Amino acid sequence: MAEVIVKKRKLSTENGTDFSEPLSKTIHIQCPYLDTINRHVLDFDFEKLCSVSLTRINVYACLVCGKYFQGRGTNTHAYTHSVADGHHVFLNLHTLKFYCLPDNYEVIDSSLNDIKYVLNPIFTPEQIKQLDTNTKMSRAIDGTMYMPVFVTSKTTP
């Protein structure tokens, strides 16, 4: 399903008759591959560089397998990965925009906001103050309980 937004401008003819002419069209395409995203393999703690070329420029995360690839155009590592492995949804790690490859259109969907937050979490000053007073236990992947703590090292001059 595609949503089409058309902007029009109002024009007048010499005899005073008004009519509208399309200025531009914006097409939002609903991505059919959002259900292939595997949130369990996404780990943004790794260094943000391409797993093939090892460059830090224009890096995209594959949201199906979690690997990082450079570029999005034809003959780039992300494009090749998309075609070869059938993985279609990618996230630009710098702009935080989602794309569907190899079709190369931007995916705009609010269900992806949690992935943006995991990549770039934002905390209020009140939440930061509560870090030292937190006594809530958390559960690790293997089921063990632990208390998350924030460790700093103080150096004296």
Side-chain angles (χ1 to χ4, degrees), residues 1-7 22-132 134-155:
M1 182 176 144
E3 176 185 335
V4 180
I5 301 170
V6 179
K7 295 181 182 177
L23 276 176
S24 65
K25 287 185 182 179
T26 304
I27 299 175
H28 295 284
I29 302 171
Q30 187 175 4
C31 181
Y33 303 107
L34 293 181
D35 61 339
T36 64
I37 295 173
N38 186 354
R39 285 171 167 78
H40 298 291
V41 298
L42 301 181
D43 187 354
F44 298 119
D45 291 334
F46 292 115
E47 197 170 356
K48 300 190 179 37
L49 48 89
C50 175
S51 61
V52 178
S53 66
L54 302 180
T55 184
R56 291 178 173 84
I57 301 169
N58 201 21
V59 177
Y60 291 79
C62 174
L63 299 183
V64 179
C65 67
K67 294 179 183 174
Y68 298 164
F69 298 98
Q70 181 184 22
R72 142 176 135 238
T74 314
N75 297 324
T76 61
H77 299 296
Y79 183 94
T80 304
H81 175 73
S82 172
V83 172
D85 293 1
H87 297 176
H88 299 285
V89 188
F90 290 80
L91 169 64
N92 183 304
L93 296 175
H94 179 71
T95 65
L96 301 180
K97 291 185 178 183
F98 298 90
Y99 292 92
C100 183
L101 297 180
D103 300 334
N104 200 16
Y105 61 84
E106 183 177 358
V107 177
I108 300 172
D109 195 303
S110 61
S111 68
L112 302 173
N113 287 342
D114 63 319
I115 297 173
K116 285 184 188 179
Y117 181 78
V118 170
L119 176 61
N120 189 20
I122 299 170
F123 300 99
T124 65
E126 292 80 27
Q127 289 172 322
I128 293 172
K129 287 178 185 176
Q130 291 176 356
L131 286 175
D132 290 335
N134 183 20
T135 58
K136 181 181 174 186
M137 299 295 284
S138 295
R139 186 176 308 274
I141 293 175
D142 64 359
T144 59
M145 298 299 287
Y146 71 96
M147 186 181 328
V149 295
F150 183 71
V151 179
T152 61
S153 61
K154 293 184 179 182
T155 57

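Both backbone and side-chain heavy atoms feed into the values below; hydrogens, waters and symmetry mates do not. All of these numbers come straight from a predicted model, not from anything done at the bench.
Contact record, His94 with Asn92: N-OD1, 2.7 Å, taken as the closest heavy-atom pair.
Side-chain contact check for Leu34 versus Leu112: some heavy-atom pair is nearer than 4.5 Å. A 4.5 Å side-chain heavy-atom check between Val41 and Val64 finds every atom pair outside the cut-off. Counting only heavy atoms from C-beta outward, the side chains of Phe44 and Leu42 approach each other to under 4.5 Å.
Annotation: salt bridge (Lys or Arg N to Asp or Glu O under 4.0 Å) contacts involving residues 109-126, sequence neighbours excluded, comprise Arg39-Asp114. Applying the salt bridge (Lys or Arg N to Asp or Glu O under 4.0 Å) test to every pair with at least one member in residues 54-77, sequence neighbours left out, gives these pairs: Glu47-Arg56.
With rounding to the nearest 0.5 angstrom, the CD1 atom of Ile37 is 12.0 Å from the NE2 atom of His88. In this structure, the separation between CD1 on Ile141 and NE2 on His40 is 10.0 Å, given to the nearest 0.5 Å. Atoms CG and CG, from Leu96 and Leu119 in turn, are 5.5 Å apart once rounded to the nearest 0.5 Å. Within the model, atoms OG1 of Thr36 and CG of Leu63 stand 8.5 Å from one another, a figure rounded to the nearest 0.5 Å.
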Can you give each donor-acceptor pair under 3.5 Å made by side-chain atoms of residues 77-87, sequence neighbours left out, with the distance rounded to 0.1 Å?
| from | atom 1 | to | atom 2 | distance (Å) |
| --- | --- | --- | --- | --- |
| Thr80 | OG1 | Thr76 | O | 2.8 |
| His81 | ND1 | Asp85 | OD2 | 3.2 |
| His81 | NE2 | His87 | ND1 | 3.0 |
| Ser82 | OG | His87 | O | 3.0 |
| Ser82 | OG | Leu101 | O | 2.8 |

Quiz item: Stepwise, does the side-chain contact (heavy atoms from CB on, under 4.5 Å) test hold for Tyr68 with Cys50?
Solution: CA-CA 5 Å; Tyr68 298 164; Cys50 175; 5.7 Å; no
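Annotation: side-chain contact (heavy atoms from CB on, under 4.5 Å) contacts of Tyr105 (sequence neighbours excluded): Ile29, Cys31, Pro32, Cys100, Asp103, Val107. For Ser110, the side-chain contact (heavy atoms from CB on, under 4.5 Å) criterion is met by Asn113, not counting sequence neighbours. Pro121 meets the side-chain contact (heavy atoms from CB on, under 4.5 Å) test with Tyr117, Phe123; sequence neighbours excluded.
For CG of Asn75, the number of neighbouring non-hydrogen atoms (other residues, nucleotides, ligands) closer than 6.0 Å is 12 at most. Counting heavy-atom neighbours within 6.0 Å of Ile57 CD1, excluding the residue itself, gives a total of 12 or less.
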